[in-house]
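Sequence lines set the chain letters: A, B, ... in the order given, protein chains first and strands last, and positions in each chain run from 1.
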Number of protein chains: 2
Amino acid sequence: MPRAGLSVERLTRAGAELADEVGFDQVTVSALARRFDVKVASLYSHLKSSQDLKTRIALLALEELADRAADALAGRAGKDALAAFADVYRDYAREHPGRYAAARFRLDPETAAASAGVRQALMIRAILRGYDLAEPDQTHAVRLLGSVFHGYVSLELAGGFSHSAPDPGTSWVRIVDALDALLRDWPAPAP
Amino acid sequence: MPRAGLSVERLTRAGAELADEVGFDQVTVSALARRFDVKVASLYSHLKSSQDLKTRIALLALEELADRAADALAGRAGKDALAAFADVYRDYAREHPGRYAAARFRLDPETAAASAGVRQALMIRAILRGYDLAEPDQTHAVRLLGSVFHGYVSLELAGGFSHSAPDPGTSWVRIVDALDALLRDWPAPAP
DNA sequence: GTGGATGCCTAAACCCCTTAGGCAAATGCC
DNA sequence: GGCATTTGCCTAAGGGGTTTAGGCATCCAC
């Protein structure tokens with residue numbers, strides 16, 4: 001019987017595809033084994049556990065997202081950069097819902113610290129350098145942007161905006177406009 | 001052998017408590033049966049399925065959230081109302097992380113349409129009547145607020161802001177300030 | 001070619017979900 | 001209070017998913 005040629009990388013990529021097809025929480029070691037026409041136990045020479053598999057898929061998704069964002073940001077600044085980043089985020093989630101869900105998978109702190117998630121945070125901070133925000137307002141703004149991007153995309157994916165006008169793409173554009181305006185004129189603390 | 005006195009309501013409440021203790025995705029029919037010291041199969045005279053249980057917990061959480069929000073909104077308008085609603089959301093998620101996660105559980109469209117989720121959407125629209133927004137801007141704003149509230153709370157719960165200054169409560173206040181300012185001066189579409 | 005490392009296998013234990021069918025406790029009717 | 005019926009909880013059993021232990025065949029290096 002010839003060997004299947006498994007490897008952590010192939011398994012991770014296949015897991016990511018599986019996630020996009022059936023949803024991240026349906027990604028299972030068993031399903032992956034079926035996909036490679038191999039017995040379940042065989043995967044355990046490559047993966048430590050189901051958790052390990054999910055973590056790897058999450059890291060892959062975070063990488064891909066950060067790569068796309070870096071591409072999109074090249075040569076842009078200000079609102080251009082903000083809109084580009086925002087679109088990367090939303091588009092990625094729509095193209096790869098399973099991977100996007102994976103990117104939200106809870107990692108333990110040290111794994112998270114070593115992930116491409118920090119690159120994303122740095123890029124948001126870079127975008128904010130196009131606006132005039134001193135600390136701690138910059139951090140508040142980072143958190144706001146992270147919340148809006150994640151929140152919107154996750155509500156849209158969950159079907160929260162479906163079948164209702166105006167279409168989600170339009171709201172997205174207007175929300176990015178609004179965020180740009182807000183960042184240009186960030187209010188002082190309320191009295 | 002005396003009966004345990006199970007009922008759909010008791011099971012749902014216990015499920016919600018369990019969710020807060022161990023996380024919503026650790027809520028399982030088996031765990032619930034253990035909690036009542038009863039055999040697993042016994043729960044199936046009360047619950048159709050594991051999915052059914054989760055749906056019921058989700059509906060409970062949506063009700064509780066809507067009730068709290070309605071209380072908080074009574075007699076308030078404008079920024080007061082906005083801040084009160086925002087705090088209800090964040091506080092509920094911090095007090096009841098499992099229930100909050102349950103409230104994000106994906107319901108099928110008709111169940112969602114009959115849930116307290118629509119009450120929440122109506123309350124956000126009511127808050128926005130304190131600002132001067134015509135359609136379709138009001139809808140854009142509803143979506144923005146929903147995204148920020150959900151996004152922020154979910155990032156905070158996921159530990160995204162932990163161990164980093166400024167503390168998440170401060171950012172929350174400033175973000176609500178910023179949203180208020182933005183709604184008072186909602187920008188026209190970009191050229 | 002042969003030795004060793006590696007890859008995939010069988011086997012088995014454990015946990016969760018779900019259905020079918022049975023006995024006993026609660027409920028209601030007289 | 002006695003009896004029938006309903007209802008609730010049980011045992012039994014099948015189907016997945018996860019994970020570990022141990023075996024044999026394949027692949028690679030020499």
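- Residue Ser45(A) places its side chain closer to dC8(C) than to any other of dT11(D), dC9(D), dC8(C).
- The side chain of Arg34(B) places no N or O atom within less than 4.0 Å of a non-bridging phosphate oxygen (OP1 or OP2) of dC15(C).
- For Tyr44(A), the side chain to side chain donor-acceptor pair (under 3.5 Å) criterion is met by no residue, not counting sequence neighbours.
- Applying the side chain to side chain donor-acceptor pair (under 3.5 Å) test to Glu63(B) and every residue at least two apart in sequence or in another chain returns Arg119(B).
- Between Thr28(B) and the phosphate of dC17(C), there is a side-chain N or O to OP1/OP2 separation shorter than 4.0 Å.
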Between protein and nucleotides 18-23 of chain C, what N or O pairs are separated by less than 3.5 Å?
from	atom 1	to	atom 2	distance (Å)
dT18(C)	OP2	Tyr44(B)	OH	2.9
dT18(C)	OP2	Ser50(B)	N	2.6

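- Residue pairs meeting the salt bridge (charged side-chain N to carboxylate O under 4.0 Å, His left out) criterion with at least one member in residues 42-54 of chain B, sequence neighbours excluded: Asp52(B)-Arg56(B).
- Take Arg143(A) and apply the salt bridge (charged side-chain N to carboxylate O under 4.0 Å, His left out) test, not counting sequence neighbours, and it matches no residue.
- Rounded to an integer number of Å, the gap from NZ of Lys39(A) to P of dT18(D) is 15 Å.
- Across dT10(C), dC8(C), dT18(D), the shortest atom-to-atom separation from the side chain of Val38(A) is found for dC8(C).
- To the nearest angstrom, P of dG17(D) lies 12 Å from CG of Leu43(A).
- Rounded to whole Å, atom C1' of dT19(D) lies 16 Å from atom CG of Leu32(A).
- Close to dT6(C), at under 4.0 Å from its OP1 or OP2, lies no side-chain N or O of His46(A).
- Atoms NZ (Lys54(B)) and P (dC16(C)) sit 12 Å apart, rounded to a whole Å.
- Here the two rings, on Phe24(B) and Phe105(B), have centers that are under 6.0 Å apart.
- Residue Leu11(B) contributes atom CG, which lies 9 Å from atom P of dC9(D) at whole-angstrom precision.
- Spacing between atom CG of Leu53(B) and atom P of dC16(C) amounts to 14 Å, rounded to whole angstrom units.
- Rounded to whole Å, the distance from CG on Asp25(B) to C1' on dC16(C) is 14 Å.
- The ring-ring contact (aromatic ring centres under 6.0 Å, His included) test applied to Tyr152(A) returns Phe161(A), Trp172(A), not counting sequence neighbours.
- Interatomic distance, His96(B) NE2 to Glu21(B) CD, rounded to the nearest 0.5 Å: 11.5 Å.
- Per the geometry, CG belonging to Leu47(B) stands 13 Å off C1' belonging to dG8(D), to the nearest Å.
- Contact between the side-chain N/O atoms of Ser42(A) and the OP1/OP2 oxygens of dG7(C) is not found at any separation under 4.0 Å.
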